[in-house]
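Take a look at the structure below.
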Protein chains: 2
Amino acid sequence: MMELTRKSDYAIRGIVYLAGKPVDKVYLLSDIAAAVDVPPTFLAKIFQQFSKMGLVKSFRGTGGGFMLGRLPETITLLEVVEAVEGPIIPNRCVATPSDCDRSGICTVHPVWIRVQEEVRRVLAGVTLKDLATKE
Amino acid sequence: MMELTRKSDYAIRGIVYLAGKPVDKVYLLSDIAAAVDVPPTFLAKIFQQFSKMGLVKSFRGTGGGFMLGRLPETITLLEVVEAVEGPIIPNRCVATPSDCDRSGICTVHPVWIRVQEEVRRVLAGVTLKDLATKE
DNA sequence: CCTAATAAGATATAAATTGTCTTTTTAGGG
DNA sequence: CCCTAAAAAGACAATTTATATCTTATTAGG
Ligand code: SF4
Ligand code: SF4
């Protein structure tokens, strides 16, 4: 239960890498992928998603690559994870109570909401700046 | 991310149902399954697991069925969930840091440990007695 | 023994995960 | 105006996980 996908882990590796570099320069996807040990084609897909959401900016053609879309201190881990996986929902009734006939009377339902809140709270408390490894 | 499986949800439904009934009587699997709206064969598998772990007791043959293995106030939701799904691990490096070469230097790693702690704390704080619907 | 019930194990289907491959688009430089 | 470098987009594929079901065995009571 509750296991992060590779995709999210890779995504975090990639964007944290960017956050640890000078933010106004572009970096080759292939270089990023190599540095964080992620299959390049997979990371490409992830960064395409991020690009649409503004988490990163992309530049095509010669001299192209990726850079962070915003300052590292303004991007939380929560935002990154939810950008990849969608909302954090411990159980489907948290997102859509109508999915389960029992949600009205279910005593477990509120527990999942609390779990969601706690997880979100932890992840929202960490920014890319916090995570960036400065060397 | 972080979504509970049906199996766990079904498991909880089933065992919470038992917790809401007089604890020293046996109940037919088919009745439990019908009451909580779970495929009977699936719930059977789950309860077989639970039985091995002592969460429930099973009785075969005529007049057989299931009852709770311990008092409802001594069984936490955490225990039930982990009995079905195994340990709660937000990321595989939490269980086995050696799985990931980067765990030594990774700044994200400690965050997943905190997430794990928070989730476990919430679930450990709820017992089957709390969840049992009395009517 | 006959019947009721769970136990155990094999099997099946569908969905999600974890990628890869090919083609297209964009941009820079000579 | 090409040529090359790079990301974008979309199709495709393998593997694993989830979600069951089915069959046969075992146990217990009457
Ligand atoms: S049974 Fe309760 S916890 Fe499970 S899905 Fe329905 S409302 Fe949510
Ligand atoms: S990169 Fe960090 S968070 Fe991801 S698996 Fe490795 S140690 Fe864990």
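Labels below follow one simple rule: chain letters A, B, ... track the order of the sequence lines, proteins then strands, and each chain is numbered from 1. In this text, all values refer to a predicted model and were calculated from it rather than measured experimentally.
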Under 4.0 Å, heavy atoms only, any strand: does [X] hit a base, just the sugar-phosphate, or nothing?
X: B:Phe59; result: sugar-phosphate
X: A:Lys57; result: nothing
X: A:Phe66; result: sugar-phosphate

Between [N] atom [atom2] and [X] atom [atom1], what is the distance in whole Å?
X: B:Gln48; N: D:dA20; atom1: CD; atom2: P; result: 16 Å
X: B:Leu43; N: C:dA7; atom1: CG; atom2: P; result: 11 Å
X: B:Gln49; N: C:dA7; atom1: CD; atom2: P; result: 12 Å
X: B:Ile32; N: C:dA5; atom1: CD1; atom2: P; result: 12 Å
X: A:Phe50; N: D:dA8; atom1: CZ; atom2: C1'; result: 16 Å
X: A:Lys52; N: D:dA8; atom1: NZ; atom2: P; result: 9 Å
X: B:Leu28; N: C:dA5; atom1: CG; atom2: P; result: 5 Å
X: B:Tyr27; N: C:dT6; atom1: OH; atom2: P; result: 14 Å

Legend entry - Check ion pair A:Arg120-A:Glu117 (N to O, under 4.0 angstrom):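 Looking at A:Arg120 and A:Glu117, the cut-off is not met.
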Legend entry - Hydrophobic cluster membership, B:Val23 vs B:Met67, 4.5 Å side-chain cutoff: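 Unlinked, B:Val23 and B:Met67 end up in two clusters.
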Inset, instruction - Indicate, with yes or no, if A:Phe59 and A:Leu29 share a hydrophobic cluster defined by side-chain heavy-atom contacts under 4.5 Å among Ile, Leu, Val, Met, Phe, Trp and Tyr. - result: no
Legend entry - Sequence-aligned protein contact record of nucleotides 11-25 of chain C, with B where the base is within under 4.0 Å of a protein heavy atom and S where only the sugar-phosphate is: ------SSSB----B
Inset, instruction - Working to the nearest 0.5 Å, report the span between CG of A:Leu68 and NZ of A:Lys25. - result: 14.0 Å
Legend entry - The single option from B:Arg13, B:Lys7, B:Arg6 passing side chain to side chain donor-acceptor pair (under 3.5 Å) against B:Asp9: B:Arg13
Inset, instruction - Say whether, by atom type as modelled, one donor and one acceptor occur between the side chain of B:Thr107 and the main chain of A:Leu131 under 3.5 angstrom. - result: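 Here the side-chain-to-backbone pair exists.
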Inset, instruction - Keeping the roles fixed (side chain from A:Gln116, backbone from A:Ile88), state whether a donor-acceptor pair exists under 3.5 Å. - result: yes
Inset, instruction - Kindly say if A:Ser58 contacts the phosphate of D:dA8, meaning a side-chain N or O under 4.0 Å from OP1 or OP2. - result: yes
